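Nothing fancy with the numbering, it's 1 onward along the sequence. Model, not experiment: these values are computed from the prediction. We count ligands from 1, going down the list as the structure has it; atoms in each ligand are counted the same way.
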Amino acid sequence: MSQAKITVIGSLNIDMVTETDVMPNQGETLIGNAFSSFTGGKGANQAVACARLGAAVTMLGCVGEDTMAQQLRDALGAEGIDMQYVKTVPHQATGIAAITVTEGDNRIIVIPGANHCLLPEDVLALKDVIAASDMVMLQHEIPLETVEASIRLAYSLGVPVILNPAPAVRLPEELLAQLHLITPNEFELAIVTGLERQTTPESLLEQYPHPIVMTAGSNGAYYKAAEGTQGHVTGHKVEVVDTTGAGDTFNGALAVKLSEGAALEEAVQFAVAASALSVTKLGAQSGMPLRKDVEAFIQQASH
Ligand code: RIB
């Protein structure tokens, strides 16, 4: 099996994480438990997830002209990610995410900063990089026109794209049809497609006309393959510390397995296991597992 080549086009943030027992009400001040800062951003997280799981990863994105940019370059570089196409944008700040973690759950506000400077022409100029990829991964923390141009370019080159539509926005059907796979949760799927929520996840997927993997948190994920086969992979019971980045780990794992030629069901099983492991540590990237850890976990779970 040759090493999967994955290009991630997306955001790079520094996550400012506050841990607290309860969320403050409007107008209320609380004393929290702890503060930490981590490298994050959905794009950077997915790149790290792919790299730890064995892929050769190239990152396309933008950082600002500040020390946080170097922090991101160092951290992702140390994971073996090719950072040469990450642009430093003069007079811009690197993206920031203000994250509050309470009982393992999180609330996030992103200030995109330099992430919003990644333009369609930046991606179009890297046509050769895209053409040489086994898979392209996208999310919605960069400008929508860049996401759209990237999908169209990859499609025209015959390179499969996984779109993780977070934060969710409505997308035209003609663009959805060009995706290899979309990976929303139920809430995001309703926004992206305008589909009404149904009584069951299965009936919701029946309404969607293309291949899809719908994540369902601790309940695992539902999938529909290109040939129409549907299925559900149940979640694993783990001790949850922080769910930040679980979706990014899921997407990274899915991309790696699919790039290696796995069937969708096997890739979803791998992704559900990887994301379960990722929530056992604080910070999006801290808990992202290595390939051998996911394989051992799957082995153990099957006994
Ligand atoms: O998906 C988690 C990520 O969302 C965090 O790392 C934060 O930066 C936001 O982009």
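- With no hydrogens or angles considered, a side-chain donor-acceptor pair links Asp248 and Gln46 at under 3.5 Å.
- If you number the atoms of ligand 1 from 1 as listed, the ones under 4.0 Å from a heavy atom of Asp15 come out as 5 (C), 6 (O), 7 (C), 8 (O).
- When each atom of ligand 1 is checked for a heavy atom of Gly40 under 4.0 Å away, the hits are 6 (O), 8 (O).
- Closest to atom 4 (O) of ligand 1 among all protein heavy atoms lies Lys42 NZ, 3.1 Å.
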Salt bridge (Lys or Arg N to Asp or Glu O under 4.0 Å) between Lys281 and Asp242, intermediate numbers included = CA-CA 6 Å; Lys281 291 202 182 115; Asp242 180 10; over 6 Å; no
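- Of all atoms in ligand 1, listed by their number and element, those nearer than 4.0 Å to a heavy atom of Ala97 are 7 (C), 8 (O).
- Taking all atoms of both residues into account, the shortest heavy-atom contact from Val110 to Ala97 is CG2-CB, 4.1 Å.
- With salt bridges taken as basic N to acidic carboxylate O contacts below 4.0 Å, none links Glu145 and Arg152.
- No hydrogens or angles considered: nothing links the side chains of Glu65 and Gln92 as a donor-acceptor pair under 3.5 Å.
- Side-chain atoms of Ser133 come within 3.5 Å of backbone atoms of Val129 as a donor-acceptor pair (strictly under, hydrogens ignored).
- Polar contact check, Thr244 against ligand 1: no nitrogen or oxygen pair lies under 3.5 Å apart.
- Close approach of ligand 1 to Asn45 is summarised as follows: ligand atoms under 4.0 Å from at least one heavy atom of the residue are 2 (C), 3 (C), 5 (C), 6 (O).
- Note: an N/O pair closer than 3.5 Å links Glu141 and ligand 1 by distance alone.
- Counting protein heavy atoms only, atom 2 (C) of ligand 1 is closest to Asp248 OD2, 3.3 Å.
- Remark: side-chain polar atoms of Asn25 are not paired, donor with acceptor, to backbone N or O of Gly27 under 3.5 angstrom.
- Residue Gly41 places at least one N or O, backbone or side chain, under 3.5 Å from an N or O of ligand 1.
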